[in-house]
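Below: the structure, in structure tokens.
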Amino acid sequence: MKTTINQVYKHVGEEVTIGAWLANKRSSGKIAFLQLRDGTGFIQGVVVKSDVEEEIFDLAKKQLTQESSLYVTGIIVEDTRSPLGYEIQVNHIELIHEAVDYPITPKNHGTEFLMDHRHLWLRSKKQHAIMKIRNEIIRATYEFYNQQGFVKVDPPILTGASAEGTTELFHTKYFDEDAYLSQSGQLYMEAAAMAFGKVFSFGPTFRAEKSKTRRHLIEFWMIEPEMAFMEHEESLELQEQYVSYIVQAVLKNCKMELQALERDISKLENIKAPFPRITYDDALSFLKEQGFDDVEWGDDFGAPHETAIAESFDKPVFITHYPTKLKAFYMQPDSDNPDVVLCADLIAPEGYGEIIGGSQRIDDLELMEQRYKEHGLTGPAYEWYLELRKYGSVPHSGFGLGLERTVAWIAGIEHVRETIPFPRLLNRLYP
Ligand code: 4AD
């Protein structure tokens, strides 16, 4: 009977065949231990000399090379010492393809070497665990928004206008016109919210940012919900529920992966709504008290500032009401103080930085036209967005969660380059 590693628990005591690759092996005298992986998980295969034909034992002990592909047949038994809880007592091995000189050996390799071999590195236990957590966050995201009555809408990737300022745009030709790779689907999601009420998108996003930090990718994936008839505070409540939901989903469904990554799960278990909120002004006073003299009112916070603020909380923290001049053209000014906008950045704990940026959007046509002028946004590419304020404009809010930074935080990974299958970095387009 053919099965996969994640299904072996259904076959205890039975003989099964698994298509697998040899991740690693060791032997001690008359027993060979094979670390097998099949994409769904990792299992130990035990080959006992006295139980198999001589050529099978020789194959297992001597010939089999790392990453060779195999059909392994054997009996599934419980094994409380392994993370999976099962192992396979091998009766037979069929070699499908012999891998010669696999470059990533069990010894330590440098990051550049591993990044050059990303197409193979993805097979390793750690990378496998990170990608499974990424997948769980995506799965839980769809589940959460579907339960909340959102409609998934897909904004375009090729656009004629910039959503988040014009300095970080990837330019391309669109036949005779100029086009850009999407920096954010937000403007289109606002149109979609006026058509469907509550919408979300999940797609790739491109920023030609010359930033070389552990938090910046050139291409990253963003989840962007947009809600009609929803003001700032209600949007924050949705954000904290959503983030709590994905953290709890990973804790529930990725136990083995978190264990493989040695993630301290006590840091995740308390991630439940509500999350603390602090205004930009209060955050600035706090930073001054902490001795930061490199930031004044009107300056953006850098990574060290965000980390200092995050460290005083054990949950993600919203920094709200940033200065208007710091933020994007579409943010709704606070009616009590138009120098600040109804926005929030959500800062993850443990120094992982900003994972969400969001705001209430301007719904007044005149004010939006004024902002267009101030930001020099002219031309037909922007006209449709103004029309949303002409025909049945309503208060609305939305936000964008950066998937890779969220994976880095939940999985406890230092650098975002390991949280996306094929990272695009400042100096990396290969593989
Ligand atoms: O704060 P940002 O730029 O917000 C927007 O683009 C809004 N239009 C979203 C919206 O309201 N619909 O980006 C949102 C999030 C950040 O909090 C961060 O998690 C992630 O996207 N992000 C990046 N992740 C990796 N590499 C980069 N270069 C990133 N830039 C932003």
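This is a predicted model, so every value here is computed, not measured. Note that ligands are numbered from 1 as they come in the structure, with each ligand's atoms numbered from 1 the same way.
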Query raised in the report: At under 4.0 Å between heavy atoms, which part of E168 makes contact with ligand 1: side chain, backbone, both or neither?
Result: neither
Report task. For ligand 1, indicate whether the residue T205 contacts it via side chain, backbone, both or neither (heavy-atom separation under 4.0 Å). Result -> neither
Under-4.0 Å salt bridge between [X] and [Y]:
| X | Y | answer |
| --- | --- | --- |
| R37 | E67 | yes |
| D314 | K267 | no |
| R215 | E209 | no |

Determine, using heavy atoms of [X] and all atoms of ligand 1, whether some pair is separated by less than 4.0 Å.
| X | result |
| --- | --- |
| E404 | no |
| F200 | no |
| R215 | yes |
| I355 | yes |

Query raised in the report: What orientation do Y242 and Y145 show, parallel under 30°, tilted 30 to 60°, or perpendicular over 60°?
Result: tilted
Requested in this report: Please say which of E257, E350, E269 ends up in a salt bridge (Lys or Arg N to Asp or Glu O under 4.0 Å) with R263.
Outcome: E350
Nearest neighbour of [atom] from the list [options], on a heavy-atom basis:
| atom | options | value |
| --- | --- | --- |
| atom 30 (N) of ligand 1 | W409, F220, W221 | F220 |
| atom 11 (O) of ligand 1 | R361, M189, M222 | R361 |
| atom 16 (C) of ligand 1 | E354, R207, M331 | E354 |

Query raised in the report: Within 45 degrees of the axis of the six-membered ring of F33 and under 6.0 Å from its centre: does R26 put its NZ or CZ there?
Result: yes
Query raised in the report: Mind checking whether Q183 has an N or O less than 3.5 Å away from an N or O of ligand 1?
Result: no
Query raised in the report: Is there a nitrogen or oxygen of H216 sitting under 3.5 Å from a nitrogen or oxygen of ligand 1?
Result: no
